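What follows is one structure encoded as structure tokens, with my remarks underneath.
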Amino acid sequence: TEILLILARDLSGENKGIHQGGSEKGAFESLFTHSPDAVCVLDTSGRVLDVNPAFTELFGCKREETVGRLLEDVFGYDRIRQEIRENVRKVNEKGYVEYETWRRTKDGREICLTLRGVSVDWINGTKAIYAIYRDMTKQREAFRSLEQEKIYWEHLFFRSPLAIALVNADNRIMQVNHRFEELFGYSNHEIAGCNIDDLLAPGKAKQDAVEISRKVQQGTVSGLERKR
């Protein structure tokens with residue numbers, strides 16, 4: 001007697017997991033590849049497992065020049081070596097690190113950037129580290145330019161031989177320079193918040209002063225003479 005044994009097993013749940021896992025993997029790979037930030041994947045010893053195109057573009061090195069090497073050897077100068085070792089240790093212990101630092105590119109340029117290091121689950125239950133770099137060089141240069149401009153205008157304001165008052169849209173005094181204090185006899189402290197027209201043009205001259213202030217705010221008055 002022959003017996004035919006038929007076994008059936010429901011694989012719909014497993015297939016769903018496979019498809020879902022594939023979808024998640026595809027989404028990650030797309031995000032990794034197309035991220036505008038430079039991303040480097042390290043093992044827990046700090047050895048490079050992979051880098052994305054933004055990494056190679058930012059630092060000027062090819063993928064094959066980085067994968068398999070310790071990240072500290074990729075950047076290769078003493079001060080940064082110690083910093084990278086410390087970052088790897090912190091991420092392995094605490095799971096995360098973030099701060100602003102600098103790196104040198106392959107052609108010798110120094111760039112300012114923010115660095116985020118994150119511990120993640122990797123293949124077969126192992127751990128890996130994502131090192132994410134965002135180039136902040138242009139923002140830093142813009143900030144430095146604004147600081148220099150601020151210093152210039154402060155120097156001009158405080159050292160000008162002309163009496164200058166800084167007022168808001170309501171013509172209330174925010175600050176005056178030293179020459180203003182000398183000329184009108186008021187200290188900056190005692191007149192801050194006062195209406196400049198009330199202060200310098202009381203009585204009949206008030207209407208004239210209000211009209212002048214209005215024209216100045218509109219940019220239609222560049223110079224005038226008045227007695228105060």
Side-chain angles (χ1 to χ4, degrees), residues 9-148:
R9 181 181 177 187
D10 184 3
L11 297 176
S12 57
E14 295 181 22
N15 287 337
K16 181 180 179 181
I18 291 172
H19 291 309
Q20 186 177 25
S23 176
E24 290 178 355
K25 181 181 179 182
F28 165 77
E29 289 177 349
S30 178
L31 182 63
F32 177 79
T33 301
H34 299 292
S35 171
D37 293 330
V39 183
C40 178
V41 185
L42 311 171
D43 66 15
T44 53
S45 70
R47 192 173 298 278
V48 179
L49 299 174
D50 203 357
V51 296
N52 72 343
F55 185 97
T56 60
E57 182 179 353
L58 179 62
F59 295 109
C61 52
K62 297 179 181 179
R63 182 177 180 274
E64 55 268 27
E65 295 174 334
T66 59
V67 174
R69 300 175 63 193
L70 289 171
L71 185 61
E72 62 184 76
D73 292 335
V74 173
F75 289 114
Y77 37 101
D78 291 340
R79 194 189 117 192
I80 298 303
R81 285 178 184 275
Q82 184 57 40
E83 181 184 318
I84 291 172
R85 290 172 194 162
E86 185 65 14
N87 287 339
V88 170
R89 184 189 66 79
K90 286 181 179 179
V91 174
N92 284 331
E93 291 181 0
K94 301 179 180 180
Y96 188 80
V97 68
E98 181 174 8
Y99 64 102
E100 189 173 289
T101 185
W102 65 276
R103 290 289 185 270
R104 188 176 297 150
T105 63
K106 187 176 180 180
D107 62 6
R109 292 180 300 109
E110 292 186 354
I111 55 176
C112 177
L113 44 82
T114 56
L115 165 64
R116 292 191 302 275
V118 186
S119 177
V120 297
D121 293 325
W122 195 239
I123 302 170
N124 298 325
T126 60
K127 289 287 187 180
I129 298 171
Y130 286 176
I132 305 168
Y133 301 89
R134 176 166 294 180
D135 186 2
M136 301 296 290
T137 305
K138 290 182 179 179
Q139 291 89 329
R140 173 65 69 175
E141 289 175 351
F143 178 78
R144 188 179 296 115
S145 178
L146 287 174
E147 285 291 301
Q148 291 174 346

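Not measured: the values here are computed from a predicted model. Positions are given from 1, in the same order as the sequence printed here.
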Next item on the list: Run the salt-bridge test on Arg63 and Asp50 with the 4.0 Å N-O cut-off and return the result as yes or no.
Entry: yes
Notebook entry, point to check: Can Glu86 and Arg89 be said to form a salt bridge (Lys or Arg N to Asp or Glu O under 4.0 Å), step by step?
Noted result: CA-CA 5 Å; Glu86 185 65 14; Arg89 184 189 66 79; 2.4 Å; yes
What pairs of donor and acceptor atoms, side-chain ones from residues 51-62 against any protein atom, are under 3.5 angstrom apart with sequence neighbours left out?
from  : atom 1 : to    : atom 2 : distance (Å)
Asn52 : OD1    : Val39 : N      : 2.9
Asn52 : OD1    : Phe55 : N      : 3.0
Asn52 : ND2    : Phe32 : O      : 3.1
Asn52 : ND2    : Asp37 : O      : 3.0
Thr56 : OG1    : Pro53 : O      : 2.8

Notebook entry, point to check: Is the shortest heavy-atom distance from the side chain of Val88 to the side chain of Ser45 under 4.5 Å?
Noted result: no
Item checked: Flag for Thr114-Glu98: side-chain donor and acceptor within less than 3.5 Å -> no
Item checked: Non-hydrogen side-chain atoms of Arg104 and Phe75 separated by less than 4.5 Å -> no
Next item on the list: Please say whether more than 12 non-hydrogen atoms of neighbouring residues, nucleotides or ligands are located less than 6.0 Å from CZ in Arg109.
Entry: no
Notebook entry, point to check: Side chains of Val41 and Ile129: does their closest heavy-atom pair fall under 4.5 Å?
Noted result: no
Next item on the list: Could you check Glu100 against Arg134 for salt bridge (Lys or Arg N to Asp or Glu O under 4.0 Å), going step by step and ending with a plain yes or no?
Entry: CA-CA 9 Å; Glu100 189 173 289; Arg134 176 166 294 180; over 6 Å; no
Notebook entry, point to check: Do Arg116 and Tyr99 come within less than 4.5 Å of each other through their side chains, counting heavy atoms only?
Noted result: no
Margin query: Could you tell me if the side chain of Leu70 sits less than 4.5 Å from the side chain of Arg81, heavy atoms only?
Written below: no
Next item on the list: Would you indicate whether the side-chain heavy atoms of Leu49 and Leu42 approach each other to under 4.5 Å?
Entry: no
Next item on the list: Identify the two heavy atoms, one from Ala131 and one from Leu115, that lie closest to each other, and give their separation to 0.1 Å.
Entry: CB-CD1, 4.3 Å
Item checked: Separation of Thr101 OG1 from Met136 CE (nearest 0.5 Å) -> 13.0 Å
Notebook entry, point to check: Which distance, rounded to the nearest 0.5 Å, do you find between the OH of Tyr130 and the SG of Cys40?
Noted result: 11.5 Å
Next item on the list: Side-chain contact test, heavy atoms from C-beta onward, threshold under 4.5 Å: evaluate it for Asp135 versus Arg103 and give yes or no.
Entry: no
Check: Quick one: do Arg85 and Glu72 make a salt bridge, cutoff under 4.0 Å?
Finding: yes
Check: Do side-chain atoms of Asp43 reach the backbone of Arg47 as a donor and acceptor pair under 3.5 angstrom?
Finding: yes
Next item on the list: State, with a plain yes or no, whether a side-chain heavy atom of Lys127 is found less than 4.5 Å away from one of Thr44.
Entry: yes
